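First comes the structure, then the notes that go with it.
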Amino acid sequence: MSRPEHARPRPLLGHLIGLLIVAAAAHALTVWALPRVIMAEVLRVTRVEGSANADGVLRPPPADHTARRIVMPSPDLLYATCSLDVRDRPAQITANINYQRYWSIALYADNSDNFMVRNDREHGARALRWLIVGKDARYPIPAPRDVEIIEAPGTKVLLLMRMLLPEDSADRAGAEAARDSLRCR
Amino acid sequence: MSRSRLAALYALAVILGIVTAWLWLTKVGPSGVDAGVWRVNLLAGSTSADAYTRARIALGALLALDRRETLYYIARSDERGESLRADCRYRLSGPAPAARWWSVTAYDEDFFLFENAARRYSVNGDTAPRDPQGQIVFEVGPESVTAKPPDLPTQGAGALLLTLRLYNPALSLQRDPGSLAAPRIDVVGSCP
């Protein structure tokens with residue numbers, strides 16, 4: 001009595017093709033997931049540690065050999081970070097940066113893409129007022145005239161402020177004061 | 001073939017996929033443009049980065065900025081083509097890069113800063129020693145190789161990675177990062 005068609009053992013070639021497809025899928029998934037997993041952890045840690053401050057901002061000390069969180073940290077910059085969730089409401093970002101040397105504020109998507117950056121020369125001396133909204137947001141978006149609305153490509157955003165850290169201690173105090181003005185709500 | 005053996009083979013295929021991805025991301029050099037012994041990835045921080053670039057950047061230079069804001073040149077070998085090592089002394093020399101501000105940072109093979117008592121982690125546009133012609137000249141390496149202390153100290157005997165960051169690079173460099181007259185990296189004395 002012959003076996004029914006569906007019960008026949010799969011030929012060797014079929015298994016080989018199946019194994020190759022599974023290996024290729026695992027390879028592609030690893031490459032795709034890696035930046036997202038790393039960013040998810042950075043966002044989580046920043047949210048947890050930033051939530052200890054009323055303004056939601058994490059202000060780490062200047063990077064030295066003990067800094068082990070972000071690879072290749074720059075020892076020449078002072079950083080401030082915020083973890084933003086814009087799924088259910090927009091995030092308000094404000095800062096009054098009166099600092100004569102280089103600074104920038106960059107926004108990163110949850111896949112690690114830098115989708116927006118603004119530096120001191122582009123922004124000028126005016127107060128910084130941003131409203132960051134999620135992609136296809138369904139909540140009402142207020143639009144006061146002095147506020148710039150920025151649409152994120154997703155719902156999770158990491159904000160990273162960089163300020164050039166000078167050797168001179170007076171300039172250093174200026175950099176820290178400018179950094180302290182950042183608010184993420 | 002038994003079901004259990006088949007399941008083991010498919011599990012092995014998953015592991016193979018993960019391991020090849022990891023090796024490809026960590027062992028195969030990133031694509032990019034060369035300027036001397038330095039290589040710059042033009043898609044670092046870019047929203048148009050491919051999946052491999054994005055994963056490599058996440059592993060080795062997370063939260064990079066795009067080339068308009070910052071160019072990141074990385075050197076892993078000297079002018080002879082030998083891999084940079086933390087137990088060798090190197091002299092970096094050349095013209096100051098055309099950028100609003102620049103710095104060279106030394107990283108250990110784990111991509112973090114070298115411990116050193118002097119807390120000197122980078123040489124930058126403000127601090128770089130210059131020769132009488134205005135060229136930047138400084139040394140990277142362990143303390144003990146020569147009597148002269150290094151400008152940028154290293155430790156251990158593992159791989160050394162140098163990163164040259166150009167903040168707000170000149171427009172000509174943004175358009176053609178390979179045109180940078182990048183600092184030479186020459187070994188000083190003998191390398192054990």
Side-chain angles (χ1 to χ4, degrees), chain A residues 9-10 12 15 18-39 42 62-77 79 81 101-102 104 106 108-109 111-121 153 158 160 162 164 166-168, chain B residues 1 6 9-22 24-25 44-49 51-52 54-66 68-70 72 74 100-101 103 105 107-108 110-116 119-122 124 126-127 155 161 163 165 167-168:
Chain A
R10 213 169 162 185
L12 189 61
H15 283 310
L19 288 167
L20 278 174
I21 290 171
V22 168
H27 178 103
L29 188 64
T30 303
V31 173
W32 178 86
L34 207 58
R36 289 162 175 82
V37 169
I38 293 171
M39 277 303 287
V42 172
D64 61 13
H65 62 273
T66 63
R68 315 294 289 182
R69 183 168 296 163
I70 304 284
V71 290
M72 293 174 72
S74 171
D76 307 299
L77 298 171
Y79 294 99
T81 60
R101 302 201 69 177
Y102 173 85
S104 67
Y108 295 86
N111 67 350
S112 81
D113 281 356
N114 171 211
F115 67 89
M116 196 265 191
V117 61
R118 183 77 48 82
N119 66 38
D120 55 322
R121 287 184 172 169
L158 186 84
L160 181 58
R162 293 171 165 92
L164 187 61
E167 299 290 312
D168 181 74
Chain B
M1 193 178 297
L6 203 55
L9 275 176
Y10 275 93
L12 209 60
V14 170
I15 292 168
L16 182 70
I18 293 170
V19 169
T20 56
W22 182 258
W24 190 262
L25 294 173
S46 167
T47 52
S48 48
Y52 286 99
R54 188 176 286 126
R56 281 200 183 100
I57 296 296
L59 282 173
L62 186 67
L63 307 179
L65 292 164
D66 70 18
R68 183 181 56 86
E69 193 66 23
T70 307
Y72 302 89
I74 292 175
R100 186 174 169 200
W101 196 80
S103 73
T105 310
Y107 293 100
D108 205 343
D110 61 1
F111 300 113
F112 293 108
L113 299 165
F114 286 99
E115 181 174 2
N116 70 90
R119 300 179 67 81
R120 289 198 305 272
Y121 304 111
S122 71
N124 61 52
D126 292 344
T127 62
Q155 270 196 357
L161 188 77
T163 297
R165 291 177 170 89
Y167 288 90
N168 295 159

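Just so we're clear, the structure is a prediction, and the values are computed from it rather than from any experiment. The sequence lines fix the lettering, A, B, ..., with proteins before strands; numbering per chain opens at 1. The analysis underlying the following values was restricted to heavy atoms, covering all of them including side chains, and did not include hydrogens, waters or symmetry mates.
- Looking at A/Leu164, the atoms closer than 4.5 Å to chain B (heavy atoms on both sides) all sit in the side chain, from C-beta outward.
- Between chain B and the residues A/Ser74, A/Ala33, A/Ser104, the largest count of heavy-atom pairs under 4.5 Å involves A/Ser74.
- Using a 4.5 Å cut-off between heavy atoms, B/Asp108 makes no contact with chain A at all.
- Interface residue A/Ala67: only backbone heavy atoms are found under 4.5 Å from chain B.
- The minimum heavy-atom distance between B/Ile74 and A/Met72, with the atom names listed, is CD1-CE, 4.0 Å.
- When heavy atoms are compared at a cutoff of 4.5 Å, A/Thr66 does not approach chain B at all.
- For the options B/Leu16, B/Thr127, B/Asn168, heavy-atom pairs under 4.5 Å to chain A are most numerous at B/Asn168.
- Looking only at side-chain heavy atoms (C-beta outward), B/Asn116 and A/His65 stay at 4.5 Å or farther from each other.
- Side chain of A/His27 to backbone of B/Ala21: a donor-acceptor contact under 3.5 angstrom is found.
- The contact between B/Leu59 and chain A is made by backbone and side chain atoms together, counting heavy-atom distances below 4.5 Å.
- If you tally non-hydrogen atom pairs under 4.5 Å between each of A/Asn111, A/Leu34, A/Leu20 and chain B, the highest count goes to A/Asn111.
- Considering only heavy-atom pairs separated by less than 4.5 Å from chain A, the leading option among B/Leu12, B/Asp126, B/Ile15, B/Val19 is B/Asp126.
- Two residues are said to be in side-chain contact when any heavy atoms from C-beta on lie closer than 4.5 Å; A/Asp120 and B/Arg100 meet this criterion.
- A side-chain donor-acceptor contact under 3.5 Å links A/Tyr108 to the backbone of B/Ala64.
- If you measure heavy-atom distances from B/Leu63 to chain A, the contacts under 4.5 Å come from both the backbone and the side chain.
- Here the straight-line distance linking atom CG of A/Leu158 with atom CG of B/Leu62 works out to 8.5 Å at 0.5 Å rounding.
- In this structure, OH in B/Tyr10 is found 8.0 Å from CD1 in A/Ile21, a value given to the nearest 0.5 Å.
- The nearest pair of heavy atoms linking B/Asp66 to A/Asn114 is N-OD1, 3.6 Å.
- Of the residues considered (B/Phe112, B/Tyr72, B/Trp101, B/Trp22), B/Phe112 shows the highest number of contacts with chain A, using heavy-atom pairs under 4.5 Å.
- Using a 4.5 Å cut-off between heavy atoms, A/Leu19 contacts chain B through both its backbone and its side chain.
- Heavy-atom distances place the side chain of A/Val42, and not its backbone, under 4.5 Å from chain B.
- Under the 4.5 Å side-chain criterion, counting only non-hydrogen atoms from C-beta, B/Leu9 is not in contact with A/His15.
- Looking at B/Tyr107, its side chain does come within 3.5 Å of a backbone N or O of A/Pro73 through a donor-acceptor pair.
- If you measure heavy-atom distances from B/Thr163 to chain A, the contacts under 4.5 Å come from the side chain alone.
- Of all non-hydrogen atoms in A/Val31 and B/Ala51, the two that sit nearest each other are CG1-O, 3.5 Å.
- Residue contact with chain B, scored on non-hydrogen atoms closer than 4.5 Å, involves the backbone and the side chain of A/Arg101 alike.
- The distance from the CG atom of A/Asn119 to the CG atom of B/Leu65 is 9.5 Å, given to the nearest 0.5 Å.
- Here the OH atom belonging to B/Tyr167 is positioned 7.0 Å from the CG atom belonging to A/Asp76, to the nearest 0.5 angstrom.
- Atoms OG and CG, from B/Ser103 and A/Leu77 in turn, are 7.5 Å apart once rounded to the nearest 0.5 Å.
- With a 4.5 Å cut-off on non-hydrogen atoms, B/Thr47 touches chain A through its backbone and its side chain both.
- The shortest side-chain heavy-atom distance between A/Pro35 and B/Ile57 does not fall under the 4.5 Å cut-off.
- Residue contact with chain A, scored on non-hydrogen atoms closer than 4.5 Å, involves the backbone of B/Phe114 exclusively.
- You'll find the side chain of A/Val117 reaches within 4.5 Å of the side chain of B/Arg68, heavy atoms only.
- For B/Arg119, the part lying near chain A is the side chain, with the backbone staying farther off; criterion is any non-hydrogen pair under 4.5 Å.
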